[in-house]
Structures are given as C-alpha cells and as structure tokens.
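Treat the numbers as computed from the prediction; the structure is a model and nothing was measured. In what follows, chains are A, B, ... by sequence order, proteins preceding strands, each numbered from 1.
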Amino acid sequence: MPELPEVETTLRGIEPHIAGTEVEQLRVFNGSLRWPVTEGLSEIVKGQRLLSLTRRAKYLLLHLERGSMMIHLGMSGSLRLVDKNTERRKHDHIEMHMSNGKCLRYHDPRRFGCWLWSDNGHPQLDHLGPEPLTDDFSGKRLFELSRKRKVAVKPFIMDNKIVVGVGNIYASEALFRSGIRPDREAGRISLQRYELLAGHIKDVLRLAIEQGGTTLRDFVNGNGEPGYFQQTLMVYGRGGQPCGQCDKPLSEIRLGQRSSVFCCHCQR
DNA sequence: CTTTCAGCCTGACGGC
DNA sequence: TGCCGTCAGGCTGAAA
C-alpha cells in the first residue's frame, strides 16, 4: 500500500519522463474516487504544459500552467508510465497522454484516492504538519505537542497535524526500534525518548525510500507490484510470530481502529 | 479544545 | 464450487 516512501518513489520514477511535456489528452474512465474527479478535467488540462511535480505528505502535485492537480493514491492506488497503446487493465480509471508519447495511468481498485484540480491551491494541504524528513520535525516537537495529551503515542505520531506521512507500517516499525509501546500515553513520554523516536521515524522512512528504488524501475516499466519492504519489517503484520530480538510472541492490539503489533518484552 | 467513530471501496481469505 | 462475513487501510467530518 502506498505510504510516503512509495509516493516519493512514484514521483521520482515518473518526474524525469514527463516534466516539461504538454498534456495532449486526459481521459477519465471512472471518476468516482474518494471525492469525484474534478468536473470537466479533460478540457481544463488539455494543452497545458506540466511544469513540475512535487510531493506534500502523501499527495502528489502536478503543477501545470494554470493551476495544479492534487493526486492521492489512497489505499490501493498506483501510477505508472506505459506506452499509449498498452491495453487498459481492470481498475485503470484515469490516463493522461503527454506530448512526448508517454501515457500516465492511474490504477486504484478501492478508489480511495483522488484527482482534484485547482487554480488557487488545495485546502486539504493548508493544515498539515511538517514533513518528517525535514528539520521542522524533531523529538522536541513531538515532546512539546504531546504534553497533556492522553492519546496513545501510535495514533499521536500518525496524526497529520503532528507530522505527515507516518502510516501504520512505519509508525509500528519506528516504535519497535525505539522500544516504546504503541499504547503508551503520548503525554507521558520523555523528551529523550521522543528524540530517539523521531530519529527512528526518519531512519525507517529514508531506508524505505532507498529500497523503493527497486520499485521505481518496476513502476516505469509497468512490471510487477512493489514488494520491497517485506524483509525489513520487524513487527507490522507479524502478530503472534516470534520477536526478532527476544523470540517472545508479538502482541496485537487495536488502537484508533488500527491493528498494532508490538513486543511487550522489548517495548515499554 | 480533544477524542471517537462511521463511511468510503474492493480483494483476499477463512469457514461452511 | 460459491456464498457470506471479516479484515485491511488514509482521511474526513460529524458526534460526543
């Protein structure tokens, strides 16, 4: 599923192939995504030059001459570059033909994603916290914003107002590396432990982006699905299996309606 | 203000 | 073989 590293990987994979080209044609086959695809999108973007592509949180932004497209991959979305006469697969909902012959296909079985056009900014981006891989995100920030908060630390670090782009997988892994129980009250964790946690969040995201390099080639070539993070996972999806550090069985609980796996011996 | 929770959607999987 | 229930997940917005 697309987390921040995969969105970043997608961006790096497609950017060099289509930045600077012009939109020849955009076709919407099924526009009922998380929010309906912007009405009249094909007519709006036709003929506009794609100036640049950026990422904010898990959103991809395509900057065109007269505005920008905000794309989210939701839970099951993916973008890939294909030859324009490649046959469409089931759940290929949108495609964008560029002036250099490249075709960008959006595939999303669960349709939790979005494609929204705006010529004056996207309100969804206005109240987001800092990017995790910048100096604006630190243990000090986690410590200060968590004082008097009763929420468990795992949903706390997954809150987009605190820091963006930390999904269930990487929250679980960073907490394991930090030796912190996911259900510990956010307001009762020391500055020192938050500094450790912030460092591990950055490490785990950076590592996943590096490993995404393999996925990147697949995306561009239109082969296979990403499977790069499986080996590195210590706790996510491993409830009941032995802990990689102490061999005791990993515990599984639910926090904020999300499954949370941890080691009750290694994490306190 | 904080916290909780339903809803959006399909595919995979287990039980019968 | 198929049917049915459950789960997975990010994000929003309403309710408590």
Side-chain angles (χ1 to χ4, degrees), chain A residues 1-11 28-38 55-61 70-79 88-94 106-116 118 122-132 142 144-175 182-189 201 204-205 208 224-227 229-230 233 235-241 250 252-262:
Chain A
M1 71 215 61
E3 294 242 8
L4 183 145
E6 194 168 347
V7 178
E8 181 67 27
T9 299
T10 299
L11 170 67
V28 179
F29 303 102
N30 185 347
S32 55
L33 305 184
R34 175 74 169 81
W35 296 287
V37 169
T38 305
R55 179 187 60 75
R56 175 73 175 106
K58 295 177 189 171
Y59 294 98
L60 275 172
L61 292 160
M70 186 181 77
I71 299 173
H72 197 289
L73 303 178
M75 297 302 310
S76 57
S78 61
L79 285 170
R88 269 199 306 128
R89 298 172 303 164
K90 193 180 180 185
H91 305 304
D92 280 348
H93 304 312
I94 302 174
Y106 176 71
H107 179 86
D108 187 3
R110 293 182 205 174
R111 307 207 313 275
F112 271 25
C114 69
W115 275 61
L116 293 175
S118 170
H122 298 276
Q124 287 90 343
L125 307 180
D126 286 349
H127 301 106
L128 292 175
E131 287 289 325
L142 288 178
E144 286 171 356
L145 292 179
S146 64
R147 292 311 88 186
K148 296 181 181 172
R149 291 288 301 269
K150 290 204 174 307
V151 68
V153 61
K154 180 158 167 279
F156 176 70
I157 59 172
M158 291 173 68
D159 181 344
N160 275 338
K161 292 189 285 301
I162 307 302
V163 56
V164 300
V166 182
N168 201 16
I169 296 174
Y170 296 108
S172 303
E173 296 301 313
L175 285 164
D183 57 352
R184 178 167 287 276
E185 224 177 85
R188 293 194 177 180
I189 293 175
I201 290 173
V204 102
L205 291 174
E225 295 301 318
F229 38 58
Q230 307 294 356
L233 299 181
V235 288
Y236 179 82
R238 306 182 75 103
Q241 295 178 34
L250 295 170
E252 183 157 9
I253 56 172
R254 288 191 80 78
L255 290 172
Q257 289 105 257
R258 286 187 192 90
S259 100
S260 304
V261 180
F262 69 102

Touch class at under 4.0 angstrom, heavy-atom based, for A:K161 against every strand present: nothing
Separation of atom CG in A:D126 from atom P in C:dG13, rounded to whole Å: 13 Å
Sugar-phosphate, base or nothing in reach of A:R258, heavy atoms under 4.0 Å: base
Side chain to side chain, A:V164 and A:K58, heavy atoms closer than 4.5 Å: no
A:D159 CG - C:dG10 C1' separation (whole Å): 12 Å
Protein-nucleotide distance (A:R55, atom CZ; C:dG10, atom P), rounded to Å: 16 Å
Sugar-phosphate only, base, or nothing, as touched by A:N160 at under 4.0 Å among non-hydrogen atoms: sugar-phosphate
Flag, side chain of A:H93 to backbone of A:P109, donor-acceptor distance under 3.5 Å: no
Test item: A:R55 side-chain N/O and A:A57 main-chain N/O as donor-acceptor pair under 3.5 Å: yes
Euclidean distance, atom CD1 of residue A:I169 to atom C1' of C:dG9 [Å, nearest integer]: 9 Å
Residue closer to the 5' end of DNA chain B, A:P109 versus A:R34 (nearest nucleotide): A:R34
Check: A:S76 side chain, A:R110 main-chain N or O, donor-acceptor pair, under 3.5 Å: yes
Exam field: side chain A:Q241 to backbone A:L250, donor-acceptor pair closer than 3.5 Å: no
Whole angstrom value for the distance that separates P of C:dC7 from CE of A:M75: 16 Å
Length of the CG-C1' vector between A:N168 and C:dC7, whole Å: 13 Å
Nucleotide nearest A:R110 (side chain, heavy atoms from C-beta), chosen from C:dG10, C:dA8, C:dC11: C:dA8
Geometric cation-pi criterion, A:R88 with A:F29: 6.0 Å, 45°: yes
Sugar-phosphate, base or nothing in reach of A:G167, heavy atoms under 4.0 Å: sugar-phosphate
Boundaries of the DNA chain B segment in contact with chain A, non-hydrogen, under 4.0 Å: B:dT2 to B:dG11
Sugar-phosphate, base or nothing in reach of A:F156, heavy atoms under 4.0 Å: nothing
For atom CD of A:Q124 and atom P of C:dC11, their distance in whole Å: 11 Å
Between C:dG10 (C1') and A:Q257 (CD): distance, integer Å: 12 Å
Sugar-phosphate, base or nothing in reach of A:R111, heavy atoms under 4.0 Å: sugar-phosphate
Pairing of A:E131 and A:R56 as salt bridge, 4.0 angstrom limit: yes
